[in-house]
There are 2 protein chains.
Amino acid sequence: MVEQTAHIRFVRGPSPFAARKTFLEFREVFSFHKRFVDLPFHTTYDETMEKKRLTIKDIAREAGVGIGTVSRVLNNSPHISESSKKAVLQVVERHNYQISAEAAGLARKTKRRKLVGILLPDISNHYFFEVFESVYKKFKNLDIDLIILNYTDHTSETVKRILETNLCALMLFAIHLDKEDLQLLKNRNIPYLYVDSYQPDEHCIHVDNHTGGVLAANYLLNKGCSKPCYIHGPTQAQTDKDRYAGFAATIETALSVSPLQYHAIITEKSGYEIAMQIIDAGECDGVFCFCDEIAIGVLKAIRRTGSSLSVIGYDGIRVSEAWNLSTISQDPELVGERAVQSVLPLIDKITDEGPKQIQLVPVLIDRNS
Amino acid sequence: MVEQTAHIRFVRGPSPFAARKTFLEFREVFSFHKRFVDLPFHTTYDETMEKKRLTIKDIAREAGVGIGTVSRVLNNSPHISESSKKAVLQVVERHNYQISAEAAGLARKTKRRKLVGILLPDISNHYFFEVFESVYKKFKNLDIDLIILNYTDHTSETVKRILETNLCALMLFAIHLDKEDLQLLKNRNIPYLYVDSYQPDEHCIHVDNHTGGVLAANYLLNKGCSKPCYIHGPTQAQTDKDRYAGFAATIETALSVSPLQYHAIITEKSGYEIAMQIIDAGECDGVFCFCDEIAIGVLKAIRRTGSSLSVIGYDGIRVSEAWNLSTISQDPELVGERAVQSVLPLIDKITDEGPKQIQLVPVLIDRNS
DNA sequence: TTGAAAGCGATACCAT
DNA sequence: ATGGTATCGCTTTCAA
């Protein structure tokens, strides 16, 4: 009889909700008779049923105490007898019960913790990580936690998680959200800041890439280069386009020729390989790279071959100093710092007027590379 | 009359709960008469009262719609008239209303998102950040979000936030929690993993520091050093003690003298300064540093002064390659990878038996520095 | 010390 | 398309 009962198959009715309710009632009754039939409390009827989450009510029943007691034990409240405590913890342990933080938070009196969300790009040069590091360090002193929201292609999935997360602000690193997702954020009044990309009518902070390209061009020209080239990173990125545009325009004005163009992915290895090609071809005497990682690869190739190629990178990440690499620095630490400065007022809803847009200017760090 | 009412001072009764309830009822009634008295809905009576959180009910009333409609608007559900939508969003905007993610999560059907918590140490060499970077990258492919929990001296405050956070696991970087806090985590069945410190009877992963010290000593001995010294980092840290112990024991066995000891904080600058002292004193011919950051400072001093001092660092962070610094590598990337591997089964509750303890072995990277 | 009951603020179903 | 109600799983109060 017990076996039979345990295998009853509940067919979903028109409303799964109702069906579930029915089952719960069923289990409730069943549980009541537990002592007679000796069926484990946890019996589920079928895998078609959504797995029931364990609640303190379940724990309380099984431990033979009230839910209040369970709650108190879980929260280490005083005035609990050792025996109750032990009983509860035993059941908790046995079922690997985990409290629902949502429910707890909802019921609690004191609220409002500060949590800032961050979206980091997939294909990332180390630059973003250094910006992130800077952001992290600033928030560390402000009693603000940081959540890094994982995301893949489908931003809509990510946005869904964002909305489930009680953020007080969101930082978007080199990511563009589409209208619909943005609207969702706006509906929910979650302030957000674009980092490293310019967005009209939005809070954003970025470093002027066009100017960076110009600086790089001037660097190579000053070194006496007459046959400069550019190694692209991700060509679909606006940053890549802008850097090249500034670079090419300056070169063309000065030399009346367009710079040669190469393409690499953002790794030292890729930079090294392209550099070997460039050196072999012998058609260039100066290289401007989309980012420092590529440039370091180029530098390695130069040092290995003894080539006289000049090279300049972009970003100003920490290792560039060690390699003695000239670079157009975006000062990741500063960017992070300013980003935090921008976000703070948004968190506290001190949104005076329109969007705050910050444009920083990159600087040349000349290490004679 | 309006003014008077608005300034009524509610004296807290024996139960603040009851007092609050009374006020809510009061406001409810008041709100009902709103059109007659033209009092802003948000009127609070006194700063002694806890600020009432706005709910969708409030929004619904003010927008003149039902709560269902408000919810639908906020979630961009279909089948909403433009007029309702506009009305709701207007009110939302006006009051800067933010949804309660807890309540929403509780009410929602689909649950269970994966979130791993991380505690990073305050005083950190870059090593930890590289381990973190590795961890982050691994989780990125696993649909798991990461939350960095800010913490200061009072871990109890942090633990409280941890418990409020529905984590599916926690990673403790170079931090030791006391018994009580640990018990709280255990009560809640939140699995945790110590990273970079050995803890008996707990899940942990760390790199053998004693062996690292031995390797460093042998390196200097092989370079022909006869007067080696050690630059300490944070002396209270077990890692520092262990590295020194391994180093000193090996040196003493080989040379029958104890190595000289210096102290630095974890910055290049500090390493540089100490190195200048060492070079000036001329009593050493080899330096083993607690971490790469210090060692790089030493290296700079050596290169600037043209000293023949040998130097070896510890950690194997990325920049060590660029500086051509010999180091005892803890391979942060690997540590992160293994840490994630360890945590994953904990998340899925595949806790076969006892604590899983991983000890990795550091390796010498000889760059002839 | 303990159990029971009343919220917390949203979602989702159902009926309209 | 919309309003109302039950419900989510917990904390806290109150009474015992």
Side-chain angles (χ1 to χ4, degrees), chain A residues 13-21 24-25 50 52-61 63-88 92 97-112 160 163-164 166 188, chain B residues 13-21 24-25 50 52-61 63-88 92 97-112 160 163-164 166 188:
Chain A
S15 156
F17 187 71
R20 174 151 180 265
K21 190 174 168 189
L24 292 186
E25 279 159 6
E50 59 262 48
K52 171 72 171 78
R53 179 182 187 133
L54 230 53
T55 72
I56 50 168
K57 206 172 161 186
D58 302 316
I59 303 295
R61 185 151 5 102
V65 299
I67 59 167
T69 305
V70 174
S71 175
R72 268 160 251 162
V73 169
L74 259 24
N75 291 295
N76 246 14
S77 295
H79 311 305
I80 284 284
S81 72
E82 274 306 315
S83 61
S84 303
K85 188 167 177 173
K86 213 173 116 185
V88 170
V92 165
Y97 165 77
Q98 270 195 258
I99 212 171
S100 155
E102 289 96 1
L106 182 55
R108 215 185 317 272
K109 293 280 161 201
T110 58
K111 316 248 165 145
R112 286 287 126 209
K160 218 176 102 189
L163 298 181
E164 286 173 14
N166 225 343
R188 304 293 261 265
Chain B
S15 154
F17 186 72
R20 177 154 176 263
K21 191 172 168 189
L24 292 186
E25 279 160 5
E50 60 263 44
K52 170 73 171 77
R53 182 187 180 126
L54 231 52
T55 72
I56 50 167
K57 209 171 158 184
D58 301 316
I59 303 297
R61 186 155 1 105
V65 299
I67 58 167
T69 304
V70 175
S71 176
R72 265 159 278 184
V73 169
L74 259 24
N75 291 293
N76 245 15
S77 296
H79 311 305
I80 285 284
S81 72
E82 274 307 314
S83 61
S84 305
K85 189 167 178 174
K86 214 173 115 185
V88 170
V92 165
Y97 163 78
Q98 270 195 258
I99 213 171
S100 155
E102 290 94 1
L106 181 57
R108 215 185 316 272
K109 294 281 161 199
T110 58
K111 316 244 165 149
R112 288 287 126 211
K160 218 176 104 188
L163 298 182
E164 287 174 13
N166 225 344
R188 304 295 262 265

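Within every chain, numbering begins at 1; the chains are lettered A, B, ... in the order of the sequence lines, protein sequences first and strands thereafter. For clarity, every value in this text was computed on a predicted model and none was experimentally measured.
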Participant: Give a yes/no on whether any side-chain N or O of B/S81 is located under 4.0 angstrom from OP1 or OP2 of D/dT2.
Facilitator: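 Yes, because at least one side-chain N or O of B/S81 sits under 4.0 Å from OP1 or OP2 of D/dT2.
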Participant: Hey, is the side chain of B/S84 poking within less than 4.0 Å of OP1 or OP2 on D/dT2, counting only N and O atoms?
Facilitator: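 Yes, such a contact exists.
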Participant: Compute the angle between the rotation axes at the two ends of the helix from C/dT1-D/dA16 to C/dT16-D/dA1, each taken over five pairs, rounded to 10 degrees.
Facilitator: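 Taking five pairs per end, the axes differ by 30°.
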Participant: Start at the 5' end of DNA chain C and walk down; is the nucleotide closest to B/S100 or to A/S83 reached first?
Facilitator: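 Result of the comparison: A/S83.
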Participant: Can you check the A/I56 CD1 to D/dC8 P distance for me, whole Å?
Facilitator: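 Roughly 13 Å, once rounded to whole Å.
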Participant: Which residues in residues 69-80 of chain A have a heavy atom closer than 4.0 Å to any atom of DNA chain D?
Facilitator: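 Going residue by residue through residues 69-80 of chain A, the ones with a heavy atom under 4.0 Å of DNA chain D turn out to be A/S71, A/R72, A/N75.
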Participant: Would you please name every residue forming a salt bridge (charged side-chain N to carboxylate O under 4.0 Å, His left out) with B/K160, sequence neighbours left out?
Facilitator: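 In terms of salt bridge (charged side-chain N to carboxylate O under 4.0 Å, His left out), with neighbours along the sequence ignored, B/K160 is linked to B/E157.
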Participant: Residues in side chain to side chain donor-acceptor pair (under 3.5 Å) with A/E164, at least two apart?
Facilitator: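 A/E164 satisfies side chain to side chain donor-acceptor pair (under 3.5 Å) with no other residue.
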Participant: Please tell me which of the listed nucleotides, C/dT11, D/dC8, C/dA10, lies nearest to the side chain of B/L106?
Facilitator: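 Shortest atom-to-atom distance from the side chain points to D/dC8.
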Participant: Below the 4.0 Å mark, does D/dG9 have OP1 or OP2 next to a side-chain nitrogen or oxygen of A/Y97?
Facilitator: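 For D/dG9, neither OP1 nor OP2 has a side-chain N or O of A/Y97 closer than 4.0 Å.
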Participant: Please tabulate, for the side chains in residues 69-81 of chain B, all donor-acceptor contacts under 3.5 angstrom to protein atoms that are two or more places apart in sequence or on a different chain.
Facilitator:
residue, atom, partner, partner atom, Å
B/R72, NE, B/G68, O, 3.0
B/N75, OD1, A/R188, NH1, 3.2
B/N75, ND2, B/S71, O, 2.8
B/S81, OG, B/S83, OG, 3.1
B/S81, OG, B/S84, N, 3.2
B/S81, OG, B/S84, OG, 2.8

Participant: Please enumerate all residues that pass side-chain contact (heavy atoms from CB on, under 4.5 Å) together with B/A104, with sequence neighbours excluded.
Facilitator: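 B/A104 satisfies side-chain contact (heavy atoms from CB on, under 4.5 Å) with B/R108 once adjacent residues are dropped.
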